[in-house]
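Okay, so here's the structure we're looking at.
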There are 2 protein chains.
Amino acid sequence: MKQYMKQRIQRVFNKTDLPLEGILVKNEGETVFEKNFFYLTGLTTGLYEGCIVIAYPDGSLDLFVSELEAELAKQAEGDLHIFRSRTELQQQLQNAIGSLTHIGLNFSGLSHYECQILIKEHPQITFYNVSNAFVQARMIKDTEEIHAIKQACIISDRVAEKIPSLITINMTEHDLAAGINYHLQRYGAIAPAFDTISSFGAHTSQPHYTHGTTQLKEGDFILCDFGAKLNQYHSDITRTFVYQKKTLQQQEIYEIVQQAQYAALETIQPGIPAQQVHNAAVQVIDKSPYKGRFIHSTGHSLGLSVHDGGIGFTETCETLLQPGMVLTVEPGIYIPSVGGVRIEDDIVVTKEGYTSLSNAKKSFLEIS
Amino acid sequence: MKQYMKQRIQRVFNKTDLPLEGILVKNEGETVFEKNFFYLTGLTTGLYEGCIVIAYPDGSLDLFVSELEAELAKQAEGDLHIFRSRTELQQQLQNAIGSLTHIGLNFSGLSHYECQILIKEHPQITFYNVSNAFVQARMIKDTEEIHAIKQACIISDRVAEKIPSLITINMTEHDLAAGINYHLQRYGAIAPAFDTISSFGAHTSQPHYTHGTTQLKEGDFILCDFGAKLNQYHSDITRTFVYQKKTLQQQEIYEIVQQAQYAALETIQPGIPAQQVHNAAVQVIDKSPYKGRFIHSTGHSLGLSVHDGGIGFTETCETLLQPGMVLTVEPGIYIPSVGGVRIEDDIVVTKEGYTSLSNAKKSFLEIS
C-alpha cells in the first residue's frame with residue numbers, strides 16, 4: 001500500500017480514543033453520499049453505490065465493491081472483495097468482521113436504516129460514532145490532496161480569465177452560468193464543484209442567489225462564484241466584474257473588498273486562531289463607509305466536500321491554523337437592492353504563512 | 001392549500017397503516033439529501049439545508065426554514081416557521097410536536113446521527129419508518145409532477161437533436177459531454193440530471209462508462225445518455241449515432257434495439273406486471289444474433305430522483321402498471337471491446353396504454 005494512504009488511515013484512528021478494531025464506511029449513493037469512502041480508498045472515479053470499505057488500525061483495508069465497478073476499484077490498494085448480490089456482500093462482511101466487537105461508523109454519513117441493519121446483522125459488535133475523527137483528520141490535507149485541489153484551481157483560474165470573452169449584451173444569468181460550466185468541463189473538470197453563481201446587477205447583493213433569466217445591462221456588477229470538481233476534490237473562487245463603465249462607488253467597493261481580502265491573507269499563519277483572519281477582513285470593511293455590509297464568514301475548509309468542515313474563518317472559530325489546512329478567503333460587501341462584490345481565493349496554510357492555490361487575475365475589469 | 005398538494009400528502013399517509021399523528025422530514029443537505037422534503041412542500045428552487053417539514057394526516061404542513069431561504073420558502077403553502085439558530089429550531093419543533101407520540105420518519109433519508117438527536121430530544125415520541133410509504137406514493141405521479149417531467153423532456157429532446165451539430169473529428173468524449181451539458185443549461189435546465197454519458201467506439205459497450213479523453217474516430221458508435229434537471233424533476237434519454245460511414249453490423253444492431261424498444265412500448269398498459277415489458281424487449285434481442293447481449297433492465301421509475309424506486313422494467317418486478325407511473329424504456333445491445341447501442345425514452349402509463357414524454361428523433365444518423 002502507498003505510504004500516504006496508510007498514514008491517512010492511521011490519522012483517522014489517531015483522532016479517536018475509542019478502542020476500535022476497525023472503521024466501516026458505507027457509501028449508500030443516490031441521496032446519501034459518503035466522501036469518507038473516497039478518503040479511505042483514494043479512489044478518484046466511479047460511483048460505488050452500496051459499496052463498503054473497512055479500515056484497520058494497521059492502515060490496511062478491506063474493500064467490498066459490486067461487480068459493476070470491480071475494474072475501477074482495482075486502483076485502490078486494499079483487499080478487494082467483489083459481490084454480485086446483497087446476500088454475497090452480507091456473507092463477505094460476516095467473514096471480515098464476524099469476530100470483531102468494536103467498530104467505528106460515521107453516524108452523520110450513514111442512514112438510520114442502514115445503521116439498523118448493521119446492528120441487527122452483527123449483534124456482537126458495539127458501533128461507535130467516529131464522525132469527528134474524520135472531520136479532524138480531513139482538516140489537514142496531505143500532499144496528494146493539496147495537489148488534487150491545486151489541479152481543480154488551475155481549471156477554475158483558466159475559466160475566470162475566460163469569463164470576459166463570454167459576456168455579451170442582454171445575455172441572461174443562466175447563459176453565463178452555462179458558459180462557465182461548459183468551460184470548466186472543457187478544461188478538464190468532471191463537473192462544476194457546485195451550482196455556479198452567476199448574478200447580475202442587484203442580484204449580486206444576495207450571496208445565496210444562483211442565476212435566473214435576468215438580462216445583463218450597462219453598469220451591472222457581474223458576480224461569478226464557481227469551482228471545478230476533479231478527482232473528487234474541489235476548487236471554489238469568485239470574481240466580480242462590471243459591465244461597461246463603472247461608477248466611482250463601484251470602484252470604491254471593489255477596492256475595499258480587495259483590501260479586506262489582502263488583510264485576511266496577510267493574517268494567515270500557523271498557530272493563530274481562525275477567527276483572527278475573519279476579524280482582519282471585517283476590520284477593513286467596518287472602517288469604510290460600508291460598515292456592517294459584510295454579512296457572511298470569511299472562509300471555509302475545502303477538500304472532498306466544498307464545505308469540508310472542522311474549521312472556518314468565522315467570528316467564533318478558535319481552532320488554531322496548521323500547515324496543510326486548505327481554506328477559501330472570500331470577503332464581500334453587499335448593498336441590498338444595489339449590488340455586491342466578493343473576491344474569493346483558495347489557499348493552503350504553510351509553515352511560513354500560506355500559499356495561494358488559485359491565481360486568476362483580480363483586477364476590476366470593465367467588460368464591454 | 002392547493003388541492004393537489006393536500007392530496008399528495010394524504011396519499012403518503014394512506015400508504016401506511018401506522019397510527020401516525022405526523023410525518024417529519026429533514027433535509028440535511030451537503031451529503032445527505034431528502035427528495036421527500038420537496039415532495040411534501042412542492043418547492044422547486046432553493047437548497048433548504050437543515051430545514052424540516054412536518055406533514056399531518058389532514059394534509060396540512062408545518063415548514064421550518066432557516067432565515068437564508070425564508071423568502072423562497074413562501075412559495076410553499078404550509079405554516080412557515082423561520083429559525084435563526086439550531087436552538088430556535090429546537091424550540092419551534094418542541095412547540096409543534098411536543099404533545100405528539102407517533103411520528104413517521106424516512107429512515108433511509110435521515111442520518112443515524114440526526115435520528116438519534118430526534119429520539120433524544122423527544123423521548124415521548126415513538127418514531128416509525130415510513131420509507132416505503134414515500135416510495136409507494138411517489139410511484140404514481142400527479143398531473144403537476146408529469147408536467148414537470150415533460151418540461152425536462154422537452155429540454156433533453158432539443159439537446160438530442162442538437163448533438164449532430166456538436167460532433168467534430170478528433171473531439172474527445174469530455175468535449176461532447178461538456179457540449180451536451182452546456183446546451184441542457186442553455187435550453188433551461190438548472191443542471192444535468194446526472195453525470196452525462198458520452199462514449200465513443202468500444203466504450204459504448206460499457207453501460208456505466210461516462211466519458212474520458214478518447215478521441216472520435218471514423219466508424220465509431222457515439223452513445224449519449226443524459227437528461228435535464230428542472231424544478232426538482234428529471235428526464236433521462238439515450239441516443240446512439242455513428243460517426244461517418246456505418247457498417248452493416250452497426251445498422252443491424254441498431255435496428256434490433258429499435259425493435260426491442262418498440263416491443264417493450266407496445267406491451268405497456270395498466271394492469272400488467274412490469275416484468276412483462278422487460279421480457280418483451282429481451283425476447284426480441286434473444287431471437288437475434290445478439291442473444292444474451294442485453295445486460296441490464298429495460299427501465300426504471302423517474303421523478304424527483306433519476307432512479308425513483310418502487311418499480312422497474314426488470315426480470316423480477318411483479319408490480320402491476322398503473323396510470324401515472326413514469327418510467328424509462330431503454331433496451332440495449334453491448335458487444336465487449338466492439339461497441340454498443342442503447343435507445344432510451346421516458347413514458348407515462350395512461351389508462352389506454354402509455355404516452356411518450358420524450359420525442360427526439362430516433363433514426364440512426366451517420367454524422368459527418
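In what follows, every chain begins at residue 1, and chains take the letters A, B, ... in the order their sequences are listed.
- Taking chain B as the reference chain and counting heavy-atom pairs below 4.5 Å, the highest number among A:Pro207, A:Gly109, A:Gly46, A:Ala178 is found for A:Ala178.
- Here the closest heavy-atom approach between residue B:Leu327 and residue B:Gly312 is recorded as CD2-CA, 4.1 Å.
- Of all heavy-atom pairs between A:Cys224 and A:Leu176, the closest is SG-CD2, 3.8 Å.
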What donor-acceptor contacts under 3.5 Å connect chain A and chain B, backbone and side chains included?
residue, atom, partner, partner atom, Å
A:Thr31, O, B:Phe33, N, 2.9
A:Phe33, N, B:Thr31, O, 2.9
A:Phe107, O, B:His112, N, 3.3
A:Phe107, O, B:Tyr113, N, 2.9
A:Leu110, O, B:His112, N, 2.8
A:His112, N, B:Phe107, O, 3.3
A:His112, N, B:Leu110, O, 2.8
A:His112, ND1, B:His112, ND1, 3.1
A:Tyr113, N, B:Phe107, O, 2.9
A:Asp175, OD1, B:Arg186, NE, 2.9
A:Asn181, ND2, B:Gln185, OE1, 2.6
A:Gln185, OE1, B:Asn181, ND2, 2.5
A:Arg186, NE, B:Asp175, OD1, 2.9

Open item on the list: Working note: B:Leu47 + A:Phe194, criterion side chain to side chain contact (heavy atoms under 4.5 Å, CB included); need CA distance, chi angles, decisive distance, verdict.
Closed with: CA-CA 12 Å; B:Leu47 291 175; A:Phe194 48 88; over 6 Å; no

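- Residues B:Gly340 and B:Leu223 share a closest heavy-atom pair of O-CD1, 4.1 Å.
- Residue A:Cys51 forms a side chain to side chain contact (heavy atoms under 4.5 Å, CB included) with just one option from A:Val25, A:Leu43, A:Val65, and that option is A:Val65.
- Side-chain contact check for B:Leu110 versus B:Leu118: some heavy-atom pair is nearer than 4.5 Å.
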